Q: 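Sharing a structure below in structure tokens format, with a few things to ask.
Here is the naming used below: chain letters follow the sequence lines, and residue numbers restart at 1 for every chain. Bear in mind that the values here come from a model prediction, so they are computed numbers and not experimental data.
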Amino acid sequence: MPTISVDKLDLFELLGKQYAPQDFEDLCFEFGIELDDDTTEEAAATGARAELKIEIPANRYDMLCIEGIAQALNEFLGNSPNPDFKLVPAEAEFTLTVDESTAAVRPYAAGAILRNITFTQRSYESFIALQDKLHVNLCRNRTLVAMGTHDLDKLVGPITYEALAPTDFKFVPLNQSKEMTGEQLMAFYEKDKNLGKYLHIIRDAPVYPVMLDANRQVASMPPIINSDLSKITLDTRNVFIDITATDKTKAEVVVNTLVAMFSRYCDEPFTVEPVRVISAHNGESRVTPNIAPRTMSAEVSYINSCLGLELSAEEICQLLVKMALKAVPSPTDANLINVSIPCTRPDILHQCDIMEDAAIAYGYANMTASKTPSSSLVAAPLPINKVSDILRIASAQSGYAEVMPLTLCSHDENFAHLRQVDDNTKAVKLANPKSIEYQVVRTTLLPGLLKTVKENRKHSLPIKVFESGDIVLKDDSLERGAFNQRQWCAMYVGKTSGFEYVQGLLGKVMQAIKAPWIAQPETGAVRGYWIEQDDNKTFFEGRGAKVMFRAKEGAKAVKIGEIGVLHPEVLQNFDIPYAASVVEINAKVFL
Amino acid sequence: MSDLQLRMLQAVEANNGKIENSDAVFQDIESQILQAALNSLVAKSMITFSIIEKESWKLTSEGEEVVSEGSHEFRLLAEVTKHLEGLDISKVSKVLGPAGKLGQGKAFKNGWIKKDGDVLLSNVTDLPEDSAAGLLKSIKENGILDDKKELADLKKRKLKGVEFALTIVQVETDITSDMLANGKWKTATFKPYNFNSEGVAPHSGALHPLNKVREEFRQILLSMGFTEMPSNQYVETGFWNFDTLYLPQQHPARDLQDTFYLKDTLTSKKPEDETYWNNIKKVHQEGAFGSIGYRYPWKEDESLRMVLRTHTTVISAAMLHQLAKDPKPARLFSIDRVFRYEAVDATHLAEFHHVEGVLADYNLTLGDLITFMKSFYGKMGVKNLAFKPTYNQYTEPSLEIYSWHEGLGRLLEIGNSGMFRPEMLESMGLPKDLRVLGWGFSLERPTMIKYGCNNIRELLGHRVTLDFIETNPAARLEVD
């Protein structure tokens, strides 16, 4: 969720009230925003203006600036309704022509003009900050949408949006003095802390998107930088907004949000001059911004049923006014209200969003308690967790301490350090490992136990630990390509290997799961387990065995795990200066 | 070779092959332990050593008392001086205990007191120097006293045992089965027990603290009619982890900086339910079920990318999708691991646990959710909840749950909840009036608060100390 810094005095002036800290916090809580910080004390010390840092829900793009926060809260408090936005002139005169060449690199464009605007230092800063916030959040760091704002008086309309070869155009970028081609710009901003991270969006494209005025002067090279020529200043009176995008829905949201928030500073507040976008090649010719409210119907019965209330259509309409929504009962259907959704509320997708706004306006604290008798349901634990618990409790009763290492580990820890080779059939690997510690999902519980022992090697000997947890194994036949398998693993670490102790523990655990030891596996065919020597490189030569299990009388015995004395190299790889024995089995077989 | 032996060899090396006085170099090690380690090195022919014998005296507890309180005779004199009329002899032991008698003899010998009838009177005008206490203090500091006669005298001063008798009685330490058989317990004298002790610790194993808290939540949820979900599936497709939950494909949570993606060697498949797949595509791309949708080109490839699940809600989605085959009321929960591409710090790990539940029934209301959350948290003793509107991608309305924390003196967020969006439920084929409430929180956070733990790495992962696990008390959520 984005956090917005707003000037405290300005906000309170806009709200028409000096709030006590707790009162303002309560207001935020009710509305669903969060006061993160109040810098009043620090500001008093440094002489700066006090700021409030407010956390905004991720879907409220209209609240990413002080203008929007004040407007939303004023509506919520009943101080003022949502403004009516107007296009002046009603018919677009200014044109923005989109050339087909942009289709390959950044196909959508939109524009708008704010006429006769008057900036103050703080409203100017807010205008810049809102663009930054939108670029980061909704625009996904300019990949989906980028916006540029220009002093229209420095440009000559109409504007064309084209894509040119990087060496075929040049201009002086914002706050620079030297003219550069697109190619030179890329090199110039390579190391730039702010802009460097956006270069990748177009760098490798054969053509770069460019906004040009009627005299072929470059206004901007989206999504990287504007030209210095059309830079806006505190004295700028007419602002041209250019929008370029790869996502057209979000382009509309961005242009609407900018004009809805800043048209209030025009001589005639809340008026916007439209721009005719000519984009015949992709059927995107239209007038932007489209600030007309859209209408959506909502069912009175649905809202009441979801909220557990019995409100009339009129009462719901009154509540919605507090949330920027103008609604009236439908003249034709008593169960419907017609809701007019302003361009500042693109987050409303479904009548459930209207229902939520009614709930917030009503107040979560005022909601009545449940009246629905709850259905009587019989609960059950997950079978594999029951099996796991039997093994866990038997292990703890036998003097072993339960540990919970992580599921992710390094490739080496899962393979090379255990003297195993990765045959690429088992382990799920991460495409974007954060660090060497998180490269693969473990296919055995061993690495975690060994790392835990390493960290605890100062503990008195012997160290006896166990874990019951999931490993993940690949299986191409499955929809998700891999599955979890519950394993149980225990380790004895001491001056001597203690093989007989883990062997005894295995016996204890098997007894708990009702699988007795079978002394002569070759005769008889009852349920039970035995171990037989096996070659496994993790173990010291001749000291490793496989654990065999027959689930029921007459069934085929299967290998369910391994037991053995760890190879000295394995211990060395995990910096463990003692001898150790380990047993690990698949717990799924006991289901 | 032990750490100590290694340390010794390194010390010899560092001191040009010879250590004059091992006590001085290894001050932190007791001399018996030191000698055992030396013997072991001698046995390996790695060093030689000779023993330096040293006489060293230590004070008994009685001696320590004399140093701090004064000698018996001195204390008696001080007591006598306090009484102008003199101190009645019969009161001496009452005032000074068993030390009184010894002190009386020494005080007479020193000429400090005199006797008048049954009363002791002071024989000195000023309090003299307490030489016995001084000598003992010197022994305490130096371990030795040059004057061997004084030393012998002080050694002899020891008080007689309380059980003084002219014959030696065998004192038994414990009652034995032999005694029960031969009846000797009836006549035997038993050594008194020292009850001011902890006893011998049993050999024991332990369950992990985090799992103990997990079990508490599990029992509460089972008791409230919640069935445990098969949450044992860490690998998911983008379809299940994000798309089904109505998280658009450009959502930041799907970034490489937030989610672990898997290498392409894995091949994922579309779900068997093709209608569901198409519904999800439509509800994202064009809108459906009364929603205008997100209106962006929805990509199959993005949906088929493999991830480590970022929440257990993906399991809830799979279970609700199953429920759509036979829609009816249900309560489901899971407590299991989730994975996030996070910078590891005191409160974040790349994996942690989610506690999560869903409650499905016809015509559920927001009031039902609030009432349920109050009753659920009430079972662990958390009262006075407050609900704040919030934004979650897949619930509408969404409520953050807060409770007042006395210790911190502020509202603390303890969970998140909401009503699942119709776009998510109706895509599955669930009827419109079957509503689903969902809620969740991390298992680590309440556990850290409960155990006063400030670092998540001290609770989960291989760096957790075994001592913490072994000495951790039972988790009783409703009591603590």
Q: Please state whether the side chain, the backbone, both or neither of B:L359 comes within less than 4.5 Å of a heavy atom of chain A.
A: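 Neither part; nothing is under 4.5 Å.
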
Q: Go through the atoms of A:N385 and report whether side chain, backbone, both or neither lie under 4.5 Å from a heavy atom of chain B.
A: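 Both backbone and side chain.
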
Q: So for B:T259, is it side chain, backbone, both, or neither that comes closer than 4.5 Å to the heavy atoms of chain A?
A: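 When you check distances to chain A, only backbone atoms of B:T259 fall under 4.5 Å.
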
Q: With salt bridge (charged side-chain N to carboxylate O under 4.0 Å, His left out) as the criterion, how do B:K388 and A:E30 come out once you've worked through the C-alpha distance, each side chain's angles and the decisive distance to 0.1 Å?
A: CA-CA 6 Å; B:K388 175 175 168 286; A:E30 269 177 63; over 6 Å; no

Q: May I have the step-by-step check of side-chain contact (heavy atoms from CB on, under 4.5 Å) for A:L408 and B:F260, ending in yes or no?
A: CA-CA 11 Å; A:L408 302 176; B:F260 284 119; 4.0 Å; yes

Q: Between B:L256 and chain A, with a heavy-atom cut-off of 4.5 Å, which part of the residue counts as in contact: side chain, backbone, both or neither?
A: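 Contact with chain A involves both backbone and side-chain atoms of B:L256.
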
Q: Which bit of B:K270 is near chain A, if near means a heavy-atom gap under 4.5 Å: side chain, backbone, both or neither?
A: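 Only the backbone of B:K270 comes within 4.5 Å of chain A.
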
Q: Does a donor on one side chain and an acceptor on the other come within less than 3.5 Å for B:E426 and A:H350?
A: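 No, because no side-chain N or O of B:E426 sits under 3.5 Å from a partner of the opposite role on A:H350.
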
Q: For B:Y391 versus A:P57, what's the shortest heavy-atom pair and its separation?
A: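 Scanning both residues completely, I find the closest heavy atoms to be CB-CB, 3.7 Å.
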
Q: As an exercise: rank A:L377, A:T249, A:N432, A:T452 by heavy-atom pairs under 4.5 Å with chain B and give me the winner.
A: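 Top count of heavy-atom pairs under 4.5 Å with chain B: A:N432.
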
Q: Kindly compute the distance separating OG (B:S291) from CE (A:M296), expressed to the nearest 0.5 Å.
A: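 Rounded to the nearest 0.5 Å, the OG-CE separation comes to 7.0 Å.
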
Q: Any ion pair linking B:R295 and A:D247 (charged N to carboxylate O, less than 4.0 Å)?
A: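 Result for this pair is no, no salt bridge flagged.
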
Q: Salt-bridged, A:K458 to B:D467, with N to O below 4.0 Å?
A: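 Salt bridge absent between A:K458 and B:D467.
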
Q: Measure distances from A:S468 to the heavy atoms of chain B and classify the residue's part below 4.5 Å as side chain, backbone, both or neither.
A: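 A:S468 has no heavy atom closer than 4.5 Å to chain B.
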
Q: Just how far is it from atom CG of B:L399 to atom CE of A:M367, taken to the nearest 0.5 Å?
A: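 Result: 8.5 Å between the selected atoms.
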
Q: Between A:P383 and chain B, with a heavy-atom cut-off of 4.5 Å, which part of the residue counts as in contact: side chain, backbone, both or neither?
A: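 Interface part for A:P383: neither.
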
Q: I would like to know whether B:Q233 and A:L478 meet side-chain contact (heavy atoms from CB on, under 4.5 Å); could you show each step before the answer?
A: CA-CA 12 Å; B:Q233 178 69 38; A:L478 300 171; 5.9 Å; no

Q: Against chain A, label B:A330 side chain, backbone, both or neither, depending on which of its atoms sit under 4.5 Å from a heavy atom there.
A: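 Answer is backbone: N, CA, C or O of B:A330 sit under 4.5 Å from chain A.
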
Q: With no hydrogens and no angle check, is any side-chain donor or acceptor of A:E455 less than 3.5 Å from a backbone partner on B:G461?
A: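 Between the backbone of B:G461 and the side chain of A:E455 there is no qualifying donor-acceptor contact (under 3.5 Å).
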
Q: Should the pair A:E479-B:K269 be classified as a salt bridge under the 4.0 Å nitrogen-to-oxygen rule?
A: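 No, no charged N to carboxylate O under 4.0 Å.
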
Q: Name the region of B:F420, side chain, backbone, both or neither, that has any atom closer than 4.5 Å to a heavy atom of chain A.
A: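 Contact with chain A: none, neither part.
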
Q: So which heavy atom on B:R337 is nearest to which on A:L406, and how close?
A: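 Looking at all heavy atoms of both residues, the closest pair is NH1-CA, 3.6 Å.
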
Q: Contact between B:Q250 and A:T143 at the side-chain level, heavy atoms closer than 4.5 Å - yes or no?
A: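 No - every pair of side-chain heavy atoms lies 4.5 Å or more apart.
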
Q: Are side-chain heavy atoms of B:V344 and A:E437 found at a separation under 4.5 Å?
A: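 Sidechains of A:E437 and B:V344: no contact.
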
Q: Select one option (side chain, backbone, both, neither) describing which atoms of B:F372 are under 4.5 Å from chain A's heavy atoms.
A: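 Nothing of B:F372, per the 4.5 Å heavy-atom cut-off to chain A.
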
Q: Hey, what do you get for CG (B:N232) to CG (A:D470), rounding to the nearest 0.5 Å?
A: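 Answer for the CG-CG pair, B:N232 versus A:D470, is 5.5 Å.
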
Q: Yes or no on salt bridge (charged side-chain N to carboxylate O under 4.0 Å, His left out) for A:E299 and B:K432, after CA distance, side-chain angles and deciding distance?
A: CA-CA 13 Å; A:E299 295 160 306; B:K432 191 182 158 188; 2.8 Å; yes

Q: Evaluate side-chain contact (heavy atoms from CB on, under 4.5 Å) for A:R294 paired with B:I292, printing each intermediate quantity in order.
A: CA-CA 11 Å; A:R294 63 198 156 98; B:I292 60 168; 3.4 Å; yes

Q: Thinking salt bridges, do A:K464 and B:E470 make one under a 4.0 Å N-O criterion?
A: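 No salt bridge links A:K464 with B:E470.
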
Q: Taking the side chain as every heavy atom from C-beta outward, state whether B:Y234 and A:V428 have any pair of such atoms under 4.5 Å apart.
A: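 No, side chains not in contact.
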
Q: Check A:Y364 against B:I370 and note the closest heavy-atom contact, atom names and distance.
A: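 Looks like O-CD1, 3.8 Å.
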
Q: If every non-hydrogen atom of B:L262 is compared with every non-hydrogen atom of A:L430, which pair is closest and at what distance?
A: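 Smallest interatomic distance, heavy atoms only, reads CD2-CD1, 4.0 Å.
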
Q: Can you tell which part of B:V307 gets under 4.5 Å to a heavy atom of chain A, answering side chain, backbone, both or neither?
A: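 Neither part.
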
Q: Within this structure, what is the CE-CG distance for the pair A:M404 and B:L459, rounded to the nearest 0.5 Å?
A: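 Reported value, rounded in 0.5 Å steps: 8.5 Å.
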
Q: Indicate the atoms forming the closest heavy-atom contact of B:T227 with A:V378, along with that distance.
A: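 Between these two residues, the closest heavy atoms are OG1-O, 3.5 Å.
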
Q: Can you tell which part of B:F387 gets under 4.5 Å to a heavy atom of chain A, answering side chain, backbone, both or neither?
A: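 Both parts, heavy atoms under 4.5 Å.
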
Q: Please classify the contact of B:M224 with chain A as side chain, backbone, both or neither, using a heavy-atom distance under 4.5 Å.
A: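 Neither part.
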
Q: Can you tell me if A:S305 and B:R435 form a side-chain donor-acceptor pair at under 3.5 Å?
A: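 The answer is yes; a qualifying pair exists.
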
Q: Taking B:D255 first and then A:R140, would you say they form a salt bridge - that is, a charged N and a carboxylate O separated by under 4.0 Å?
A: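 So B:D255 pairs with A:R140 through a salt bridge.
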
Q: B:E396 versus A:L349: any side-chain heavy-atom pair under 4.5 Å?
A: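 No - every pair of side-chain heavy atoms lies 4.5 Å or more apart.
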
Q: Between NZ of A:K434 and CD of B:Q257, what distance do you get to the nearest 0.5 Å?
A: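 So the NZ of A:K434 and the CD of B:Q257 are separated by 8.0 Å.
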
Q: Locate the shortest heavy-atom distance separating A:L382 from B:E228; write the atom from each residue and the value.
A: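 Scanning both residues completely, I find the closest heavy atoms to be N-OE1, 2.8 Å.
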
Q: Of the backbone (N, CA, C, O) and the side chain (C-beta and beyond), which part of B:F352 lies under 4.5 Å from a heavy atom of chain A, both, or neither?
A: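 Looking at B:F352, nothing touches chain A.
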
Q: What part of B:R331 lies closer than 4.5 angstrom to a heavy atom of chain A: side chain, backbone, both or neither?
A: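 Contact with chain A is through both the backbone and side chain of B:R331.
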
Q: Kindly indicate whether the side chain of A:I463, heavy atoms from C-beta on, has any atom under 4.5 Å from the side chain of B:L466.
A: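 Touching, per the 4.5 Å side-chain cut-off.
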
Q: With a 4.5 angstrom heavy-atom cut-off, could you sort out which part of B:Q393 is near chain A: side chain, backbone, both or neither?
A: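 Contact with chain A: none, neither part.
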
Q: What is the distance from atom CG of B:L207 to atom OH of A:Y400, rounded to the nearest 0.5 Å?
A: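 B:L207 atom CG to A:Y400 atom OH measures 15.0 Å (nearest 0.5 Å).
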
Q: Taking side chain as everything from C-beta outward and backbone as N, CA, C, O, which of these in B:L411 sits under 4.5 Å from a heavy atom of chain A? Side chain, backbone, both or neither.
A: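 Contact with chain A is through the side chain of B:L411 alone.
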
Q: Is it true that A:F29 and B:Y402 have ring centroids separated by less than 6.0 Å?
A: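 Yes - the distance between ring centres of A:F29 and B:Y402 falls below the 6.0 Å cut-off.
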
Q: Using side-chain contact (heavy atoms from CB on, under 4.5 Å), reason through A:N456 and B:H462 one step at a time and then give a plain yes or no.
A: CA-CA 9 Å; A:N456 281 282; B:H462 56 270; over 6 Å; no

